[in-house]
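Heads up, the thing below is written out as structure tokens.
What you see below is based on every heavy atom in this structure, not just the backbone, and it leaves out hydrogens, waters and symmetry mates. As the structure lists them, so they are numbered: ligands from 1, and atoms in each ligand from 1. The first residue in the sequence is number 1, and the count goes up from there.
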Amino acid sequence: MGEGDAIDAEALTEEARRILIENDRGGYTVPSARLYPFQWNWDSVFAAVGWAEFDRDRAWREIDTLLEAQWPSGMLPHIVFWTEESTYFPGPDVWCADRGGTSSSGISQPPVAATVIRRLSEAGGEVSERRFDAIDRWHRWWHTARDPEGRGVMAVVHPWESGRDNLPDWDRPLCAVDISGVGGYSRRDLDVVDQAMRPHKADYDRYLALVQFGVANDWDDERIALGSPFRVADPGVTAILLRAERDLAWMGRTLGRDVTVIEERIARLETGFEQFWNPAAGTYCSFDLLTGAMAEAGTSASFLAPYAGVTDHLDELVDELTAWSERCRFLVPSFDPRHDAFEPLRYWRGPVWSMVNFLIATGLREVGHCHWAERIRSDTRALIGRSGMPESFDPVDGGPVGGPRFTWTAAMWLAWAGRM
Ligand code: GLC
């Protein structure tokens, strides 16, 4: 029993529900009212996990609203701009991408939806043909657009596509991005969150240059795959997709569909995943598809292998987790706390993210590492107990990091960390 158990769980549950209700825009939930005023892809899917704890219909609505924004190519965008808001940059006028039912960004985000749809279906909902087809098209898009060579690893063509925006992994690959044409712009995130917690301007210039590259190439998947100055194979997206493919196959079997093609995709990803293993680092690392260079340290995504059903290096991963736990009071920091680039306050360069913890713990429990799964859950519980429900947390002192009253942290409390 840790310090998380001295907390008023009932009050926190009330607070978490209030946050979801407050962030509800009727059909989708914004991540945090001022900082992120639109629908974000994986945020919405985690929101559905939270909604399901007290309003199952609302949970399904969240997923269905996201699916409404699907592009003809199958892509599900990372941001959907259902309304106009001036508090966010870059908005729809910068992305120039309105191929789905509304305007959106031109890239995607980690595909957790199939796994959550399965979770909702198993808890009593029916498996729907329509949702199955939409997710199948999205997964196919990942394979054709982000792994055209069929290597069994997923590329991200923008750091934002990984969901882990300013991870040190992207620093070196981003150096190749030309920023001479970016021009002036005014960030809005710094109106809401301290600069010490947000990416630097040099990173932002490159984020924008990559958006401009997508616009210049009309968001055409083939042209982006061939010419993008940034293409990095990400173990995070790949692990999440591998898990999601297994859950999609489950949905397909339940519906009596032929899932042979999904099984082939699963087999390709299972074989492909080993390419992320970095023997020198003793963990799974991203690598630059343009230069072949591998990142030199692990991230929280390295621990998603069990979640993906990949158990080849389980002992080494547990050794890593042990070493990280000796550096940080709270697991799981987003980046290796022994590395020089570790920064406990700066976004994805150190802070703990509750929904990543949920995925890691789910996988560890499934492969029998219940002690570690429970340690990660009780750390998350303790963090929320002492700092409430911000975007993320300082892994060293447990303080709040990023935007306030955050949807996914509230959802993770309701569905996981807050439950006894
Ligand atoms: C940041 C995060 C991303 C998230 C978004 C909205 O960009 O890095 O993962 O989806 O905020 O919360």
Note to self: Under a 4.0 angstrom heavy-atom cut-off, which atoms of ligand 1 come close to Pro31?
What the structure shows: 6 (C), 12 (O)

Next item on the list: Report the part of Trp42 in contact with ligand 1, treating N, CA, C, O as backbone and CB onward as side chain, heavy atoms under 4.0 Å; options are side chain, backbone, both, neither.
Entry: side chain

Check: Do Arg188 and Tyr88 meet the cation-pi criteria used here (NZ or CZ under 6.0 Å from the six-membered ring centre, within 45° of the axis)?
Finding: no

Notebook entry, point to check: How does Gln109 reach ligand 1, by side chain, by backbone, by both or by neither, if only non-hydrogen atoms under 4.0 Å count?
Noted result: side chain

Next item on the list: Show your working on side chain to side chain donor-acceptor pair (under 3.5 Å) between Thr115 and Asp247 and close with a plain yes or no.
Entry: CA-CA 5 Å; Thr115 302; Asp247 294 326; 2.8 Å; yes

Note to self: With nothing but distance in play, are any N or O atoms of Trp408 less than 3.5 Å from an N or O of ligand 1?
What the structure shows: no

Item checked: For Phe406, atoms of ligand 1 separated by under 4.0 Å from a heavy atom -> 12 (O)

Next item on the list: Would you kindly say whether Glu62 and Thr29 are connected by a side-chain donor-acceptor distance under 3.5 Å?
Entry: yes

Check: Regarding Arg61 and the six-membered ring of Trp51, is the cationic atom NZ or CZ under 6.0 Å from the ring centre and inside 45° of its axis?
Finding: no

Notebook entry, point to check: Does Trp40, backbone or side chain, put an N or O under 3.5 Å from an N or O of ligand 1?
Noted result: no

Item checked: atom 1 (C) of ligand 1 - nearest protein heavy atom and its distance -> Tyr347 OH, 3.1 Å

Checklist line | Test: Arg187 cationic atom under 6.0 Å from Tyr204 six-membered ring centre, within 45° of axis | finding: yes

Next item on the list: Tell me which protein heavy atom sits closest to atom 9 (O) of ligand 1, plus the residue, atom name and distance to 0.1 Å.
Entry: Gly163 O, 2.5 Å

Next item on the list: Using the six-membered ring of Tyr347, assess whether NZ or CZ of Arg198 lies under 6.0 Å from its centre and within 45 degrees of the ring axis.
Entry: yes

Check: Short N/O distance, under 3.5 Å, between Asp43 and ligand 1?
Finding: yes

Margin query: Using a plain distance cutoff, I'd like to know if Trp353 has any nitrogen or oxygen under 3.5 Å from a nitrogen or oxygen of ligand 1.
Written below: no

Checklist line | SB check Glu53 Arg419 (cutoff 4.0 Å) | finding: yes

Next item on the list: Run the contact test for Trp348 against ligand 1 with a 4.0 Å cut-off on heavy atoms, strictly below, and give the result.
Entry: yes

Checklist line | Any side-chain donor near an acceptor of the partner, Tyr185 and Asp205, under 3.5 Å | finding: yes

Next item on the list: Could you find the nearest protein heavy atom to atom 7 (O) of ligand 1 and give me its residue, atom name and distance?
Entry: Asp165 OD2, 2.6 Å

